[in-house]
Amino acid sequence: MSKSSSSRTINEVLMAAAHARSCSSKKKLGDQTPNSKEFSSSLSNKKMKLGDQSPNLKEPIQKSSKSEDQSLHPTATTTTTPEETSVQLKKRSGDFNPNSAAFWKKGESVPFLFLARAFDLIDKESRRTEMSTILCNTFRTVIATTPKDLTAVVYLSCNKIAPSYEDLELGLGETSLVKAIADAYKIDVKHIKSKLKILGDLGLVAKASCSSQVKLFNYKPPPLTVVKVLDTCRTIAKESGKDSQGNKRGHVKGLLDAATDCEPQYLFRLLQSKMRIGLAEQTVLVALGQAAVYSENQSALPSPSALDEATEIIKKVYSLLSNFDKIIPALLESGIWKLAELCRFTPGVPIGPMLAKPTRGVSEILKKFHGSEFTCEYKYDGERAQIHYMEDGSVEIYSRNGERNTGKFPDVANSVKRFKKSSITSFVIDCEVVAYDVDKQKILPFQILSTRARKGVNMNDITVKVCVFVFDLLYLNGESLLEEQLIDRREHLYDSFEEVTGEFQFATTMVSYEPKDIQSFSKLL
DNA sequence: GCCCCTGCCTC
DNA sequence: TTCGGAG
DNA sequence: CTCCGAAGAGGCAGGGGC
C-alpha cells in the first residue's frame, strides 16, 4: 500500500504561477497571457487557482430597472400540472415564463416533487449547459413564487444540507438505507439488495419498491416540500447516541411514506449523497447566477455578457463565502450585481482552496514558463489546512474541503499565535500540516499523520507531532489579501510570522525566469 | 467492555 | 489521490 | 480546459451487538 500518496516525498516540488490567487488582471510577474492562471508542478502535482477573483466587477451593463416588484407578475399558477412543469422547464431561458412551471400557489411551500422533476429532466440530459438551463428555470420559478424556499432548493440541488464547515453529516450509507427501505415496505433486506444489484442504484430501488407497494391504509401523508425534506435531512444528521440508527431510519421512512412519482428516487440519492445526475456545485452556481439575472429584469432579455458576468460573480462569491444561508438572502434582497459587496471573505468561513493540478512532467512546464517569471514550491506530504485567527483570539482550522478541523489539531490551534508577530491581530493562512519527528527533526510520511485521532483531540493524548508549513497568507489584520499577487502575499507572510523549526515553517520556494531552474529546484530532493 | 460494521474523510 | 468521459 | 463521477487505500469514530 505504499500508494501514491505515501510514495510522494516531502521534497516533491510544487510550483505555481507567481500571481496565483488573483488570476485575472494583475500580474506583475510576467505572463500576461490569458491562460496564465495555472501552474504546473514538476513531479506530480501542482497548484491551481481557485475560483477567479476577477477584480473587475464593474457595473452591470444590464442594471435591473425594476428589481423586486413582484406584484406585477401575472397571478397565480395553480392550473399547471407536474407534467406541464417538465415541458416548461426545458424551454430556453429566453422563452421561459417563470410563472408557467409552478403547480402550487404563490407563497406556498415549494413541493419537493417540483425539484424531483427537475432532477429527472437533468438526469436525462448530458449537456451541462442544458442542465444548467433547466436548473436556472427551476430557480426562476421558485424566485417568482416562493423565494423564501430558494435557499432550501439550492442546498438540495447541491446535495448539501448545510455549509461544509458546519460538520453536519447524515450518517446514512447504502447499508442503512437498504434497511430503511426494507423497514418501510416490510420487504426482506435480501430482496432489496438483489434489486440493488440489478438496478445499480438505490434511488431506482426506492422508486421501484415504492410503486410496487400496496398501500394498506388510506392515510396519505401531505405532499413533501423542499423545506420538509431539507429539515428532515438535518434532523437525521443531528440524531446521535443510542437508537440513533433506528431513529434515522424512522425519519427516512416518514419521507418515503409521503413520496410519490419520481420523488423516492431523488430522495434516496440525496440521502446517499450521490445524485449522479451530472449536476454539482459549479453547475448549480452557474444556474443560480443566471436565474438571478433573469429574475431581476423581467422585461428585457439579459445580454450574454451579463449572464457571464453573473456567473463569475456568483462563483467568486461562493468561493469567498461558501454559505448559501448568507448568499441567497443577499441575492434575493439586493440582487446579483451587489452580491460581491455583501458577501465577502470572512475569517471563520473557509475560502475555497487553490488546488494543484497534475502535470505529465517537467518538460511540459519548461515550455509554459519561458519568458515569464514563475515560482516553485515544495509540495509537502501532509494535510491541507487553512488556519483562521480571529480578532478575539479564537482559532479555527479547516481542511482542504472546507471541513472544520479545529478539534483535530488542538496543538496547532494553540500554538499558531506564538508564531505571529505581536502586531498581528487577525490572519488566515494556507498551509500543509505534516507529521514531524521532533527528535530527529525530520518530516514523517503522510501515513503517520493519518493515524492521528480526528475529533475532540486532547492535547495530552497527542502522539504524532506535526509541523505547519505555510505557503500563503490570505488575510491579515482585518484585510483580505486575495487581490494581491502571490509574490506579495508571501512578503506579507514572511513579515508577519517567525519560523520555529519543527513547529511552524515557511514552505521552501524559488522564484525565477529560468525554466532550467525548475529542474535544479526539483533536484533538491 | 470489547469488537465489528458502517460512514466519512484524508490523499 | 488518479482516472476517464463529455462538452 | 472545466466539471462531474467513480474508484482506491488507509484509518478514525460511533453505534450496535454480544
Side-chain angles (χ1 to χ4, degrees), chain A residues 1-10 12 23 34-38 40-41 43-46 48-52 122-123 125-132 158-159 164-165 167-180 200-201 236-237 239-249 269 271-287 311-312 315 353 355-360 368 379-385 397-405 407-409 432-435 445-457 461 463-464 466:
Chain A
M1 34 163 281
S2 53
K3 78 299 310 24
S4 63
S5 66
S6 57
S7 63
R8 257 185 302 124
T9 71
I10 332 109
E12 197 158 316
C23 54
N35 43 351
S36 59
K37 317 170 150 184
E38 63 243 324
S40 352
S41 92
L43 301 202
S44 64
N45 307 279
K46 114 308 260 42
M48 173 62 250
K49 83 220 198 139
L50 77 159
D52 281 68
I122 291 169
D123 189 30
E125 178 59 65
S126 68
R127 293 163 297 185
R128 226 179 309 130
T129 48
E130 281 306 309
M131 299 180 187
S132 169
C158 289
N159 206 346
S164 40
Y165 58 90
D167 194 33
L168 217 58
E169 302 305 326
L170 282 167
L172 284 175
E174 187 173 287
T175 308
S176 310
L177 290 172
V178 165
K179 276 186 200 164
D201 175 86
I236 290 172
E239 207 67 69
S240 72
K242 184 161 168 50
D243 296 330
S244 59
Q245 290 304 308
N247 293 340
K248 285 178 193 238
R249 258 179 269 142
R269 289 189 178 185
L271 291 169
Q272 214 181 174
S273 298
K274 290 194 329 188
M275 285 298 280
R276 45 185 252 172
I277 57 177
L279 168 146
E281 208 155 84
Q282 294 308 303
T283 309
V284 172
L285 292 176
V286 171
T311 296
E312 288 222 0
K315 285 191 178 186
L355 300 176
K357 191 165 68 71
T359 180
R360 225 165 340 86
K368 211 167 222 164
K379 185 177 186 305
Y380 297 86
D381 191 12
E383 205 174 305
R384 186 77 172 266
I397 301 175
Y398 301 96
S399 75
R400 165 206 159 111
N401 294 321
E403 310 265 345
R404 185 178 279 119
N405 250 346
K408 178 176 179 178
F409 297 110
E432 190 82 1
V433 175
V434 179
F446 173 77
Q447 197 112 314
I448 303 294
L449 178 67
S450 76
T451 64
R452 276 194 50 136
R454 284 192 297 221
K455 287 182 127 178
V457 175
D461 302 335
T463 52
V464 177
V466 298

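In what follows, chains carry the letters A, B, and so on, assigned in the order in which the sequence lines appear, proteins first and then strands, with residues in each chain numbered from 1.
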- A:Glu281: side chain to side chain donor-acceptor pair (under 3.5 Å) partners, not counting sequence neighbours: A:Tyr318
- Nearest-Å distance, CG (A:Leu285) to P (D:dC3)? 10 Å
- Message: Rounding to an integer number of Å, can you tell me how far A:Asn159 CG sits from D:dG5 C1'?
- Response: 13 Å
- Task: Could you check which of B:dC11, D:dG15, D:dC4 has an atom nearest any side-chain atom of A:Gln282?
- Result: D:dC4
- Mind calculating the distance between NZ (A:Lys315) and C1' (D:dC1) to the nearest angstrom? 12 Å
- Task: Could you tell me whether the side chain of A:Arg400 and the main chain of A:Pro353 form a donor-acceptor pair under 3.5 Å?
- Result: no
- Message: Tell me the interatomic distance from A:Arg128, atom CZ, to D:dC1, atom C1', rounded to whole angstroms.
- Response: 10 Å
- Query: Nearest to the side chain of A:Ser450, which nucleotide is it out of D:dG11, D:dC1, D:dG16?
  - Reply: D:dG11
- Message: With a cut-off of less than 4.0 Å, is there a side-chain N or O of A:Arg276 near OP1 or OP2 of D:dA6?
- Response: yes
- Message: Rounded to whole Å, please give me the gap between CD in A:Glu239 and P in D:dG15.
- Response: 10 Å
- Would you mind telling me which residue lines up with the more 5' stretch of DNA chain D, A:Gly246 or A:Ile277, judged by nearest nucleotide? A:Ile277
- Message: Whether A:Thr283 contacts D:dC4 is assessed here as follows: a side-chain N or O lying under 4.0 Å from the phosphate OP1 or OP2. Is that the case?
- Response: yes
- Check whether any side-chain N or O of A:Glu239 sits under 3.5 Å from a backbone N or O of A:Lys248 as a donor-acceptor pair, and report yes or no. no
- What does A:Lys242 touch in the nucleic acid at a heavy-atom separation under 4.0 angstrom: a base, only the sugar-phosphate, or nothing? sugar-phosphate
- Provide, to the nearest angstrom, the distance between the CG atom belonging to A:Asp243 and the P atom belonging to D:dG17. 9 Å
- Query: Any ion pair linking A:Asp201 and A:Lys274 (charged N to carboxylate O, less than 4.0 Å)?
  - Reply: no
- Query: Counting side-chain heavy atoms from CB outward, which of D:dC1, C:dT2, C:dT1 is closest to A:Lys368?
  - Reply: D:dC1
- Protein proximity profile, nucleotides 5-10 of chain B - base contact B, sugar-phosphate-only contact S, no contact -, cut-off 4.0 Å on heavy atoms: -SSSBS
- Roughly how many Å is it from CG in A:Asp123 to P in D:dC4, rounded to a whole number? 15 Å
- Roughly how many Å is it from CE in A:Met131 to P in C:dA6, rounded to a whole number? 12 Å
